Amino acid sequence: MENNILFKTVQDNIDSVLEEIASAAKMAGRDPSEIKLMAVTKTKPLEYAEAAYRAGIRLFGENRVQEMEEKFKPRSESGTWSFHNDAEIHFIGHLQRNKVKKALAIACAVDSIDKYETAEEISKCSKALGKTTSILIEYNTSGEQSKSGFENEKELFESIDKIRNLDNLDIKGFMTIAPFTDDEKAIRESFRMLANLFRKVETIHPDLKMDTLSMGMSSDFKIAIEEGSNIIRVGTRLFGSRN
Ligand SMILES: *Cc1c(COP(=O)(O)O)cnc(C)c1O
């Protein structure tokens, strides 16, 4: 797509998603300014991220380390990258231990912690880089085997007890992906389960001062807002279907 057309298209898409976020928030009696829009740029070239940046987006999500590197190449070991300095890039996919170091050269946050060992490695690498990494715990609320995330509360609670003692990590909250279905009730139940888990963990660990509930994507973000989400992760609605 020619660049000016691309910018215009992405800008229009962002405007309409922001309008929908605002009206969903209003309907739910919430302040729209507490809900952040993350642009998920996976499979799309850098121009798409640039277009979203020009339209005011500062929060970006990628789910593969190699693609994240190709797009947002780090300039140095210290964690700066060639994209804009005031942009936040979060890793949102399943992260293998041997790719943590590369991921942290670019991402300031990993929103998809699905086991203790990943958090442990992120802690180690963050320490070596002299930085603190924000993390979200991913919970599999749909039961779909294709999805990552913790799958039972007992394991989750035990892991949080250990993760919270790791250095250079900041546990911010939770992330989930709803089931892939048109069944609005099932989607809502999935989001509600995550919000309930958040409250449980918050009650056990109030000192963590968790503040993030990342749920809702292109097709279900309105339901997610009704259920308390404050980060909406949107790809398709901003950039078109994936390459
Ligand atoms: C791809 C992806 C998204 C965005 O999905 P869309 O349906 O394109 O909006 C959100 N979250 C995660 C974890 C993803 O992998």
Side-chain angles (χ1 to χ4, degrees), residues 1 4-44 47-63 84 86-90 92 109 111-112 134 136 138-139 141-142 144 147 149 172-199 202 210-242:
M1 223 187 292
N4 281 337
I5 299 171
L6 174 66
F7 285 138
K8 175 90 175 67
T9 305
V10 170
Q11 169 100 62
D12 288 349
N13 292 345
I14 288 172
D15 287 348
S16 78
V17 168
L18 286 175
E19 265 170 41
E20 287 175 37
I21 289 174
S23 79
K26 216 165 150 195
M27 295 281 282
R30 300 183 56 197
D31 178 355
S33 71
E34 70 188 34
I35 300 160
K36 281 193 204 163
L37 174 59
M38 169 189 282
V40 178
T41 44
K42 68 186 189 204
T43 80
K44 297 293 177 188
E47 294 73 54
Y48 285 71
E50 192 60 50
Y53 182 89
R54 273 178 51 176
I57 299 289
R58 293 294 178 269
L59 181 59
F60 295 84
E62 282 286 339
N63 74 336
H84 304 274
D86 62 342
E88 264 189 45
I89 297 168
H90 290 204
I92 60 170
D111 293 356
S112 43
S134 297
L136 299 180
E138 181 173 2
Y139 198 78
T141 54
S142 69
E144 287 174 10
K147 294 195 167 74
K172 293 281 208 186
F174 287 86
M175 186 272 255
T176 199
I177 301 174
F180 185 68
T181 170
D182 303 330
D183 181 357
E184 198 181 303
K185 195 162 154 278
I187 294 169
R188 190 177 298 282
E189 271 168 20
S190 155
F191 292 150
R192 202 164 281 182
M193 181 192 286
L194 195 75
N196 285 333
L197 264 178
F198 180 99
R199 281 188 284 269
E202 194 182 34
M210 299 188 306
D211 61 9
T212 305
L213 208 44
S214 172
M215 50 190 204
M217 319 198 326
S218 288
S219 60
D220 55 21
F221 68 82
K222 283 181 226 166
I223 306 170
I225 289 169
E226 288 164 13
E227 298 303 326
S229 173
N230 56 15
I231 294 189
I232 313 297
R233 309 178 309 269
V234 181
T236 312
R237 276 290 306 274
L238 304 187
F239 304 121
S241 56
R242 276 186 275 286

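Quick caveat: nothing in here was measured; it's all calculated off a predicted structure.
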Chemist: Side chain of Asn230, backbone of Asp211: donor and acceptor closer than 3.5 Å?
Modeler: yes
Chemist: So, taking the atom named NZ in Lys185 and the one named OG in Ser190, what distance separates them when rounded to the nearest 0.5 Å?
Modeler: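 Rounded to the nearest 0.5 Å, the NZ-OG separation comes to 13.0 Å.
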Chemist: Heavy atoms, side chains only, cut-off 4.5 Å: are Phe191 and Thr141 in contact?
Modeler: no
Chemist: Under 30°, 30 to 60°, or over 60°: which ring-plane class applies to Phe60 and Tyr53, parallel, tilted or perpendicular?
Modeler: parallel
Chemist: I'd like to know if the side chain of Thr176 pairs up with that of Glu138 as donor and acceptor (distance under 3.5 Å, no hydrogens or angles considered).
Modeler: no
Chemist: Do Met175 and Ser112 come within less than 4.5 Å of each other through their side chains, counting heavy atoms only?
Modeler: yes
Chemist: Can you confirm whether Asp182 is buried at CG, in the sense that more than 12 heavy atoms of other residues, nucleotides or ligands lie under 6.0 Å from that atom?
Modeler: no
Chemist: Measuring from atom OG of Ser214 to atom CG of Leu59, what distance do you get when rounded to the nearest 0.5 angstrom?
Modeler: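 Going from the OG atom of Ser214 to the CG atom of Leu59 covers 8.5 Å.
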Chemist: If I compare all heavy atoms of Ile187 with all of Pro179, which pair ends up nearest, and what's the gap?
Modeler: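 Heavy atoms of Ile187 and Pro179 come nearest at CG1-O, 4.1 Å.
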Chemist: Do Lys222 and Glu20 come within less than 4.5 Å of each other through their side chains, counting heavy atoms only?
Modeler: yes
Chemist: Specify the closest pair of heavy atoms between Ser142 and Ala178, including all atoms of both residues, with the distance to one decimal.
Modeler: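 Minimum heavy-atom separation between Ser142 and Ala178: CB-C, 4.3 Å.
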Chemist: Return the CD1 to NZ distance between Ile21 and Lys36, rounded to the nearest 0.5 Å.
Modeler: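 Answer rounded to 0.5 Å: 12.5 Å.
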Chemist: Heavy atoms, side chains only, cut-off 4.5 Å: are Met38 and Val234 in contact?
Modeler: no
Chemist: Rounded to the nearest 0.5 Å, how far does OG1 of Thr41 lie from CD1 of Ile57?
Modeler: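 The distance works out to 11.0 Å.
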Chemist: May I ask you to decide if the ring planes of Phe198 and Phe174 are parallel, tilted or perpendicular, using 30° and 60° as cut-offs?
Modeler: perpendicular
Chemist: Any side-chain heavy atom of Phe239 within less than 4.5 Å of one from Asn13?
Modeler: no
Chemist: Could you verify whether a donor N or O on one side chain and an acceptor N or O on the other, from His90 and Glu62, lie under 3.5 Å apart?
Modeler: no
Chemist: What heavy-atom pair brings Lys172 and Ser134 nearest, and what distance separates the two atoms?
Modeler: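 Of all heavy-atom pairs spanning Lys172 and Ser134, the closest is CE-OG, 3.6 Å.
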Chemist: Quick one: are Glu88 and Arg58 in side-chain contact, heavy atoms under 4.5 Å?
Modeler: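 No, their side chains stay 4.5 Å or more apart.
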Chemist: Taking the basic N atoms (NZ, or NE/NH1/NH2) and the acidic carboxylate oxygens, is any pair closer than 4.0 Å for Glu184 and Arg188?
Modeler: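 Between Arg188 and Glu184 there is a salt bridge, with a charged N closer than 4.0 Å to a carboxylate O.
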Chemist: Using side-chain contact (heavy atoms from CB on, under 4.5 Å) as the criterion, point out the one residue from Asn63, Ile177, Leu136 that pairs with Ile92.
Modeler: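 For Ile92, the side-chain contact (heavy atoms from CB on, under 4.5 Å) check succeeds only for Asn63.
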Chemist: For the atom pair CD (Gln11) and CG (Leu238), what is the distance rounded to the nearest 0.5 Å?
Modeler: 11.5 Å
Chemist: What distance separates Ile225 CD1 from Ile35 CD1, expressed to the nearest 0.5 Å?
Modeler: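 Answer for the CD1-CD1 pair, Ile225 versus Ile35, is 4.5 Å.
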Chemist: Determine, stepwise, if the pair Ser16 / Arg237 fulfils side-chain contact (heavy atoms from CB on, under 4.5 Å).
Modeler: CA-CA 9 Å; Ser16 78; Arg237 276 290 306 274; 3.5 Å; yes
Chemist: If every non-hydrogen atom of Ala52 is compared with every non-hydrogen atom of Ala39, which pair is closest and at what distance?
Modeler: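 Scanning both residues completely, I find the closest heavy atoms to be CB-CB, 4.3 Å.
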Chemist: Please answer whether the main-chain N or O of Thr9 pairs with a side-chain N or O of Asp12 as donor and acceptor at a distance below 3.5 Å.
Modeler: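 No, because the side chain of Asp12 does not come within donor-acceptor range (under 3.5 Å) of the backbone of Thr9.
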Chemist: Quick one, Leu213 and Ile231 - any side-chain contact, counting heavy atoms below 4.5 Å?
Modeler: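 Leu213 vs Ile231: side chains apart.
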Chemist: Let me see the working for Arg233 and Phe221 under side-chain contact (heavy atoms from CB on, under 4.5 Å), right down to the final yes or no.
Modeler: CA-CA 8 Å; Arg233 309 178 309 269; Phe221 68 82; over 6 Å; no
Chemist: Does the distance from a Lys or Arg side-chain N to an Asp or Glu carboxylate O, for Glu144 and Lys147, drop under 4.0 Å?
Modeler: yes
Chemist: Looking at Arg54 and Glu50, is there a salt bridge between them, counting it only when a charged N and a carboxylate O are closer than 4.0 Å?
Modeler: no
